[in-house]
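Being a predicted model, the structure only gives us computed values, none of them experimental.
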Amino acid sequence: IIQRHLAGEDEFCSDLALRAAQEALKNAGMKPEAVDMIVLATSTPDQVFPSTACAGQKRLGATGGAAFDVSAACSGFIYALSLAEKFVVTGHARNALVIAAVTYSRISDWNDRGTCVLFGDGAGGENDTPVPLLRTLRPDVLVKGGTYSHDQVVGWECVEGYGGQV
């Protein structure tokens with residue numbers, strides 16, 4: 001490990017998620033008002049309810065749609081992308097913002113060298129709209145062999161961009 005990122009004492013998961021969301025929207029050239037769905041993948045929410053996605057939705061200024069958290073540990077972002085893709089493809093959302101944010105430093109046992117060395121804090125985001133989403137992602141490779149088993153999730157293979165995989 002060359003560098004580990006840790007949130008400041010006054011930073012929460014929602015703060016990291018907000019910065020990632022703002023950056024994703026900036027990169028997509030979109031305004032927050034255009035977002036009609038926010039899916040936040042996190043295993044370290046600010047609180048149980050309201051969801052961290054809902055809590056950050058107003059701060060972002062994207063109050064025109066649904067917002068919810070997905071908790072699936074390391075594969076959470078893949079599941080969040082899959083959920084957003086389903087809403088966009090079926091027309092239930094036009095612009096979905098998918099964010100992954102964690103503050104594992106808050107729950108790590110720093111005396112357990114078997115696990116604490118694996119975790120840090122961070123966030124990232126992706127803004128998906130119908131055309132780019134369908135052009136770049138192939139959700140058919142989400143699971144090996146067509147069965148849903150926690151040990152078979154392999155990730156999303158991308159047709160273009162992201163260096164071949166998300």
Side-chain angles (χ1 to χ4, degrees), residues 7 10-104 106-107 119 121-143 146-150 152-162 165-166:
D10 60 341
E11 288 182 300
F12 296 93
C13 183
S14 60
D15 297 317
L16 301 181
L18 177 63
R19 285 198 300 276
Q22 290 168 331
E23 189 68 23
L25 291 176
K26 181 179 134 190
N27 290 342
M30 293 184 65
K31 298 205 178 295
E33 301 82 28
V35 174
D36 55 4
M37 171 169 278
I38 298 173
V39 186
L40 172 64
T42 187
S43 297
T44 58
D46 290 354
Q47 66 277 325
V48 176
F49 63 89
S51 70
T52 301
C54 285
Q57 185 180 32
K58 184 175 182 181
R59 289 173 61 196
L60 181 62
T63 57
F68 57 93
D69 293 353
V70 172
S71 179
C74 297
S75 59
F77 189 70
I78 300 299
Y79 284 105
L81 275 173
S82 180
L83 284 167
E85 183 256 349
K86 302 300 185 270
F87 278 87
V88 170
V89 168
T90 60
H92 288 89
R94 178 149 175 76
N95 297 307
L97 180 60
V98 181
I99 309 159
V102 292
T103 50
Y104 280 124
R106 306 283 199 269
I107 62 171
F119 301 114
D121 301 334
E126 170 69 26
N127 183 61
D128 293 321
T129 57
V131 174
L133 182 74
L134 294 173
R135 188 183 72 234
T136 59
L137 298 178
R138 285 186 25 210
D140 58 309
V141 297
L142 179 61
V143 178
T147 59
Y148 292 92
S149 172
H150 71 281
Q152 291 180 313
V153 175
V154 295
W156 247 344
E157 183 178 316
C158 293
V159 176
E160 60 185 46
Y162 304 108
Q165 283 196 335
V166 173

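When the shell of 6.0 Å around CZ of F68 is examined, it contains more than 12 heavy atoms from other residues, nucleotides or ligands.
Put simply, CG on L18 and CD on Q57 are 12.0 Å apart, with the number rounded to the nearest 0.5 Å. Going from atom CG of D46 over to atom SG of C54 covers 12.0 Å, rounded to the nearest 0.5 Å. Here the OG1 atom belonging to T63 is positioned 11.5 Å from the CG atom belonging to D36, to the nearest 0.5 angstrom. Rounding to the nearest 0.5 Å places CD of E33 at 8.5 Å from CG of L60. From F77, atom CZ reaches atom OG1 of T42 across 13.0 Å, with rounding to the nearest 0.5 Å.
Two residues are said to be in side-chain contact when any heavy atoms from C-beta on lie closer than 4.5 Å; Y104 and S43 meet this criterion. Between K31 and L25, the closest side-chain pair of non-hydrogen atoms is not below 4.5 Å.
The two residues F12 and R106 make their nearest non-hydrogen contact at N-NH2, 4.3 Å. The minimum heavy-atom distance between A123 and L16, with the atom names listed, is CB-O, 3.3 Å. The heavy-atom pair separating P32 from A62 by the smallest distance is O-CB, 3.2 Å. Heavy-atom minimum distance, A41 versus A80: CB-CB, 4.1 Å. Nearest heavy-atom pair, T44 versus V102, reported as atom, atom and distance to 0.1 Å: OG1-CA, 3.3 Å. Shown here for I99 and A20, the closest heavy-atom pair between the two residues is CG2-CB, 4.2 Å.
For the pair S75 (side chain) and I78 (backbone), a donor-acceptor distance under 3.5 Å is absent. The backbone N or O of T52 lies less than 3.5 Å from a partner atom in the side chain of D69, making a donor-acceptor pair. Formation of a donor-acceptor pair under 3.5 Å by the E85 side chain with backbone atoms of V88 is not found in this model.
For D15 and R59, the salt-bridge test passes: some basic side-chain N is under 4.0 Å from an acidic carboxylate O.
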